[in-house]
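Per chain, numbering begins at 1; letters A, B, ... match sequence-line order.
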Amino acid sequence: MSARRILVTAKLTGLELARRRIALGLLTALPLAFYGGSVGRGGNAVITGGVAMAFSIAGASIFVALTARPVDPRLILAGYHPTELLLGRLLLLELFGILVAAVFSVVMVFGSDPAHPWAVAAGVGLVALTSVPFGLAVGGLSPHELEGVLVLIGVVGVQLTLYSTQLVAKFLPFWGGQRLLDHSVNANVAVGAAVPANILYAAALFAIATYIMRRQAPRVGGAARQRPDAVAGIHAV
Amino acid sequence: MPVSAETVPAADQVRARRLAAPSKAAGGPPALEARGICKSYGSRNVLEGRSLTVAAGEAVAIIGENGAGKSTLMRICAGLITPDAGSVSVTGRVGYCPQEPGLFDLLSADEHLEMFAPALGLSREQAVREGHRLLAEFAFPLAQRAQCRHLSGGSRQKLNLALALLGGARILLLDEPYQGFDHGAYVSFWEHVARWRGEGIGVVVVTHLLADQALVDRVVELEIVPDPAGGQR
């Protein structure tokens, strides 16, 4: 595992993402529209806007994963470890997620004046944390952008229609964040296990993304790359 | 150059022809040895017991009809896909140039070189310097500094090829590498093949062009695996 490879991957992923200005603008505008559209309906606006933020971050992660798919085999053949590529993208996208979450927190705290502003920040932070591995996993499994985006719309859409206190909501990836956002506007809703559950969910999604990436990776022996003059041996049986 | 026939085990279903003049390094240890490769997609057998050996400093052309498994064999040799049976061994680093350029549309050539640099143990400066040298040899429009989406098909393919060559591969697997090249770049490509042979690099080129077959040491023809049901695919 090389820190330089992870950082180079993060840097170039950032460059590529920054050049998708229109897509990023639309992705960010979508949850803001959700929030703006429901801001007159009390605390629900915070929950809706916070959970809908997953559209931005998970959407960007899906694009990153799908854009890299044709190039990744060559990068791995050249010497990258699949996990290095994934960690580089995770690093960059989480930074992007923190930035988006900070903007959303400020907008919603000032726009809705919730009882527990800290819970708004923590809630959108958890949504951001989970959105990246969710997007990378969906991007790894989806054949094309359309399928990936439909899965994203489906999962986030279902999460948005449920209350955080409903059983089904607890099995969805953004429940932890949703619960904290719910708590921020409704003191009767306990935080409970929202934070550890959300972190576990994010870790599980990242493990799935790693598994998918490693399964799709070329099976060339690393020895061939590290010892250019040595016989690499059988690399495919 | 005259071509003479070489017998390859019938089980391999590979017809091969060797040029009379051997390459400089022919007879050395194989740069690539693929044995008994089988691959099917669903019920369709694409490769059935194919073998391919390439010596260091030898240039081999792979020809065959569409669907004969040329690209599949190259991808298996590169380690990109796993065969159902058989084995591949390679000496040193493999440089693989796919038929379809696998590039990031929103990154420039320099940024691609930077991306590949740490994988190959090169600094950014080394990779950009070596990459520019390779790209300049194929008349790539370096001055444009354009993102890949703004490059012509031929220029994308030149970058695709340069990335395969970056870092000093010992065996080059080039799947129709000059699609979209202009005449000058095409001629330059074959001059490079001759140079790589002289440097002891094994070169495998998938091609459809008859003229190319006179420029290599050996031509390997893949045939479509017959359908056991007797029908045509």
Side-chain angles (χ1 to χ4, degrees), chain A residues 1-24 63-64 66-82 84-85 88-89 215-237, chain B residues 29-37 39 75-98 100-108 111-112 114-124 127 147-149 160 163-164 166-171 173:
Chain A
M1 199 72 72
S2 154
R4 185 181 160 222
R5 289 180 196 157
I6 293 169
L7 290 174
V8 166
T9 304
K11 176 189 167 185
L12 292 164
T13 301
L15 273 177
E16 214 204 3
L17 195 60
R19 288 170 186 163
R20 288 175 170 266
R21 290 186 200 94
I22 295 173
L24 281 181
F63 288 148
V64 164
L66 284 167
T67 305
R69 190 185 285 169
V71 197
D72 278 349
R74 296 188 71 186
L75 290 169
I76 292 163
L77 193 62
Y80 274 95
H81 192 281
E84 291 169 339
L85 294 169
R89 287 167 198 151
R215 256 187 80 87
Q216 292 171 349
R219 300 179 190 284
V220 176
R225 297 191 293 268
Q226 286 160 23
R227 298 186 291 120
D229 296 316
V231 174
I234 292 169
H235 70 230
V237 176
Chain B
L32 168 77
E33 191 166 23
R35 288 181 174 276
I37 301 294
K39 183 71 185 175
R75 290 171 65 80
I76 288 171
C77 289
L80 291 171
I81 52 177
T82 308
D84 300 332
S87 66
V88 177
S89 63
V90 292
T91 303
R93 202 179 74 74
V94 178
Y96 172 64
C97 177
E100 295 290 329
L103 302 170
F104 292 106
D105 278 350
L106 299 180
L107 296 184
S108 67
E111 287 157 356
H112 277 84
E114 182 179 356
M115 185 78 199
F116 275 76
L120 298 164
L122 301 172
S123 68
R124 182 189 180 282
Q147 292 171 19
C148 282
R149 61 180 164 159
N160 193 29
L163 293 173
L166 197 65
R170 301 309 301 164
I171 175 81
L173 305 173

Taking all non-hydrogen atoms of both residues into account, name the closest pair between [X] and [Y] and its distance.
X	Y	result
B:Cys97	B:Asn160	SG-ND2, 3.5 Å
A:Ile76	A:Ala217	CD1-CB, 3.7 Å
B:Arg170	B:Gly92	CG-CA, 3.9 Å
B:Ala117	A:Arg4	CB-NH2, 3.9 Å
A:Tyr80	A:Leu85	CD2-CD2, 3.6 Å
A:Ala78	B:Leu120	O-CD2, 3.6 Å

Is chain A contacted by the side chain of [X], its backbone, both, or neither, given a heavy-atom distance below 4.5 Å?
X	value
B:Ala34	neither
B:Gln147	side chain
B:Leu163	both
B:Ala169	neither
B:Ile171	neither

side-chain contact (heavy atoms from CB on, under 4.5 Å) between B:Leu166 and B:Leu122, worked out
CA-CA 10 Å; B:Leu166 197 65; B:Leu122 301 172; 4.3 Å; yes

Sort out for me which of A:Val8, A:Leu12, A:Leu15, A:Leu17 touches chain B most, counting heavy-atom pairs under 4.5 Å.
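Ranked by contacts with chain B, first place is A:Leu12.
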
Partner chain B: residue of A:Arg69, A:Arg5, A:Arg74 with the largest heavy-atom pair count (under 4.5 Å):
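Looking at each of A:Arg69, A:Arg5, A:Arg74 in turn, A:Arg74 comes out on top.
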
Examine whether an atom of A:Thr67 lies under 4.5 Å from a heavy atom of chain B, and if so say whether it belongs to the side chain, the backbone or both; otherwise answer neither.
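Both parts, backbone and side chain.
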
I'd like to verify something: which residue of B:Arg35, B:Glu100, B:Glu111 has the highest number of heavy-atom pairs under 4.5 Å with chain A?
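Of the candidates given, the most pairs with chain A belong to B:Glu111.
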
